[in-house]
Amino acid sequence: MNKLIGNEIAFKTFDFLRVNEAEIEIPQIKGKSYREVGEDNPGEISEFENIKYGISNDVLDLNRKYLNYYKSYTSEEGKTEEAFKLFELDDEYSELFDLHHIVAEKDSKLKLVLDYTSCGSSEKFRNTVIKVLARENSEVEVFVIARDDDKSLVLESIGVYTEDHARVSVHQYELGSARLYTNYKCELIGEYSEGNVNSIYFDQKDEYINMNYDMIHRGKKTESDILVNGALKGRSSKNFKSNLQFIEGAKGAVGSEEEYSILLDDTVHSISVPLMLAHEDDVVGNHASSSGKLDGNQIFYLMSRGISYEEAEALIVESKFSGAIDALEDEKLKDEVWKAVREIIKRGN
């Protein structure tokens, strides 16, 4: 096992709190090709050349070294494009190093769904890198559905760059991997551009999730919103970090970061560190984070209507997840995500 350091916090605090960084154990890599090679010789999106993004440079280097799937998605100016890709890891294809370049040209709309599943008895390793460039007045929606099994180590690095009046929305559905590390960084460069995150996670057993979100306001009148809802069962653990940052010159910028975690057992472990850094006076920033057990009054009310405790628990969790899942729009995908959520609830009861 090799050990890498990643998901470093934007503003360091006391080491004993164990939130400054994450230590990631990387398994021995076989370097076996994925079943579909994708396109050859990926170049770099020039806007990302001087931007720091991703879990760490070492994680990005691993992706470049063992890359076995690459795809670029570009929407033509003034056009609307949609794309869907399913990745299935199993005992034969147990490693995936995938890179996705997403470019929305001026006045265009681009929607991309990346659906990851895994099964089998062997350990799986996925290292995913997603880069989004939203040109002037474009709209991008990215959906990352992760229905990995409890033998999976997952690394997800997402970088976003926006030009004037561009809007980028990212939705993550993190459901079931043994260890998951995700890093999101959005550079709101253009004036009046927007960055939005609406994601969910649900861990059980001994699963561990480490999340780091950076929303950087650089342009004037930029807007952002980070909303993450999650639930923990069994002996699972979560480490959530977010940073809402206003750079000097981002006059009139507005941002919000919120994370809510439902603790379904006394044996779970939850850490949340929301940060807000302002180098500009004329901005509005809000942040909130909470972790707690189910509301006893809600449980009592539902059970008084003839609903069992397990059913009441499931209803409350589903109510927290409904906004993010409804954003999928595709009914088949929504049903599959709801099925994954309900299976996690059922297995824990």
Side-chain angles (χ1 to χ4, degrees), residues 1-7 18 21-38 54-70 85-100 114-130 144-158 172-183 199-212 230-239 267-269 336-337 339-341 343-344 346-348:
M1 288 276 187
N2 295 319
K3 291 185 178 180
L4 303 180
I5 300 299
N7 272 0
R18 299 183 180 180
E21 58 198 20
E23 188 176 86
I24 308 170
E25 292 188 350
I26 303 297
Q28 187 67 36
I29 299 172
K30 304 172 187 175
K32 189 173 183 178
S33 296
Y34 189 68
R35 67 185 72 188
E36 293 183 21
V37 177
I55 293 172
S56 73
N57 287 334
D58 288 336
V59 170
L60 296 179
D61 287 342
L62 277 180
N63 182 272
R64 296 185 189 100
K65 182 177 180 179
Y66 295 100
L67 186 68
N68 55 20
Y69 186 89
Y70 166 69
K85 177 61 185 176
L86 173 64
F87 296 93
E88 298 175 287
L89 296 183
D90 53 30
D91 291 337
E92 183 178 1
Y93 300 98
S94 59
E95 294 178 347
L96 175 62
F97 295 83
D98 56 319
L99 170 64
H100 307 269
L114 301 174
D115 190 0
Y116 300 90
T117 67
S118 60
C119 63
S121 58
S122 65
E123 294 184 353
K124 316 328 182 286
F125 181 35
R126 172 163 67 87
N127 183 335
T128 296
V129 177
I130 301 168
V144 181
I145 304 171
R147 292 173 286 159
D148 299 288
D149 62 20
D150 57 6
K151 299 177 181 63
S152 300
L153 167 61
V154 176
L155 311 178
E156 289 179 352
S157 299
I158 302 173
Q172 296 163 283
Y173 309 87
E174 310 291 8
L175 306 169
S177 55
R179 289 180 294 146
L180 184 144
Y181 301 82
T182 183
N183 185 290
S199 299
I200 61 171
Y201 64 87
F202 200 165
D203 278 1
Q204 59 170 335
K205 300 179 181 177
D206 295 303
E207 294 168 355
Y208 173 75
I209 183 168
N210 189 293
M211 298 169 281
N212 195 351
L232 301 173
K233 287 183 73 72
R235 296 174 301 279
S236 60
S237 302
K238 174 219 69 180
N239 189 310
T267 48
V268 301
H269 188 60
E336 290 177 0
V337 172
K339 181 181 178 181
V341 170
E343 284 181 350
I344 294 174
K346 183 178 179 180
R347 283 197 295 266

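Values below: all heavy atoms of this structure, side chains included; hydrogens, waters and symmetry mates excluded. For clarity, every value in this text was computed on a predicted model and none was experimentally measured.
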Just do the side chain to side chain contact (heavy atoms under 4.5 Å, CB included) check on Asp149 and Lys124 with the steps written out, would you?
-> CA-CA 9 Å; Asp149 62 20; Lys124 316 328 182 286; 2.8 Å; yes
Gln172/Glu156 under side chain to side chain contact (heavy atoms under 4.5 Å, CB included): CA gap, chis, key distance, verdict = CA-CA 10 Å; Gln172 296 163 283; Glu156 289 179 352; 3.5 Å; yes
So Glu25 and Arg179, side chain to side chain contact (heavy atoms under 4.5 Å, CB included) or not? Walk me through it.
-> CA-CA 10 Å; Glu25 292 188 350; Arg179 289 180 294 146; 3.8 Å; yes
Report the C-alpha distance between Ile29 and Lys65 in whole Å, list the side-chain angles of each, state the deciding distance to 0.1 Å, and finish with yes or no for side chain to side chain contact (heavy atoms under 4.5 Å, CB included).
-> CA-CA 11 Å; Ile29 299 172; Lys65 182 177 180 179; over 6 Å; no
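Closest heavy-atom contact between Ser94 and Lys30: OG-NZ, 3.7 Å. Nearest heavy-atom pair across Asn239 and Arg18 is ND2-O, 3.5 Å. The minimum heavy-atom distance between Leu89 and Leu96, with the atom names listed, is CD2-CB, 3.9 Å. In this structure, Asp115 and Glu336 approach most closely via the heavy-atom pair OD2-OE1, 4.1 Å. Nearest heavy-atom pair across Asp98 and Asn63 is O-ND2, 3.2 Å. Residue Lys151 comes nearest to Ala178 through the heavy atom pair N-CB, 4.3 Å, listed as atom of the first residue, atom of the second, then distance.
Judged purely by distance below 3.5 Å, without hydrogens or angles, the side chains of Asn210 and Tyr208 pair a donor atom with an acceptor atom. With 3.5 Å as the limit, one finds a donor-acceptor pair spanning the side chains of Ser118 and Ser152. For the 3.5 Å distance criterion, the side chains of Asn183 and Ser157 fail to qualify, holding no donor opposite an acceptor.
Panel note: side chain Asp90, backbone Gly120; no donor-acceptor pair is recorded below 3.5 Å. In this structure a side-chain-to-backbone donor-acceptor pair under 3.5 Å is missing from Ser236 to Val268. Remark: side-chain polar atoms of Glu207 are paired, donor with acceptor, to backbone N or O of Gln204 under 3.5 angstrom.
A distance of 14.0 Å separates OG1 in Thr267 from NZ in Lys205, rounded to the nearest 0.5 Å. Distance CD/Glu123 to CG/Asp150: 10.5 Å, rounded to 0.5 Å. Rounded to the nearest 0.5 angstrom, Cys119 SG and Asp91 CG are separated by 7.0 Å. Within the model, atoms CD1 of Ile200 and CD1 of Ile145 stand 9.5 Å from one another, a figure rounded to the nearest 0.5 Å. Here the straight-line distance linking atom OH of Tyr181 with atom CD of Glu174 works out to 13.5 Å at 0.5 Å rounding. For the atom pair CG (Leu232) and OG (Ser237), the distance works out to 7.5 Å, reported to the nearest 0.5 Å.
Side-chain contact check for Ile26 versus Asn127: every heavy-atom pair is 4.5 Å or farther apart. At least one side-chain heavy atom of Tyr116 sits less than 4.5 Å from a side-chain heavy atom of Val144. In this structure, the side chains of Val129 and Phe97 stay at 4.5 Å or more apart for every pair of heavy atoms. Proximity of Ile24 to Asp58: side-chain heavy atoms (C-beta onward) are nowhere separated by under 4.5 Å. For the pair Lys238 and Asp203, the minimum side-chain heavy-atom distance is 4.5 Å or more.
Heavy-atom contacts from other residues, nucleotides or ligands closer than 6.0 Å to CZ of Arg64 number more than 12.
Here the two rings, on Tyr173 and Phe202, have centers that are 6.0 Å apart or farther.
For the pairing with Leu155, the side-chain contact (heavy atoms from CB on, under 4.5 Å) check across Leu180, Thr128, Ile55, Thr182 returns one residue only, Ile55.
Classification of the Tyr69-Phe87 ring pair by plane angle, with boundaries at 30° and 60°, yields perpendicular.
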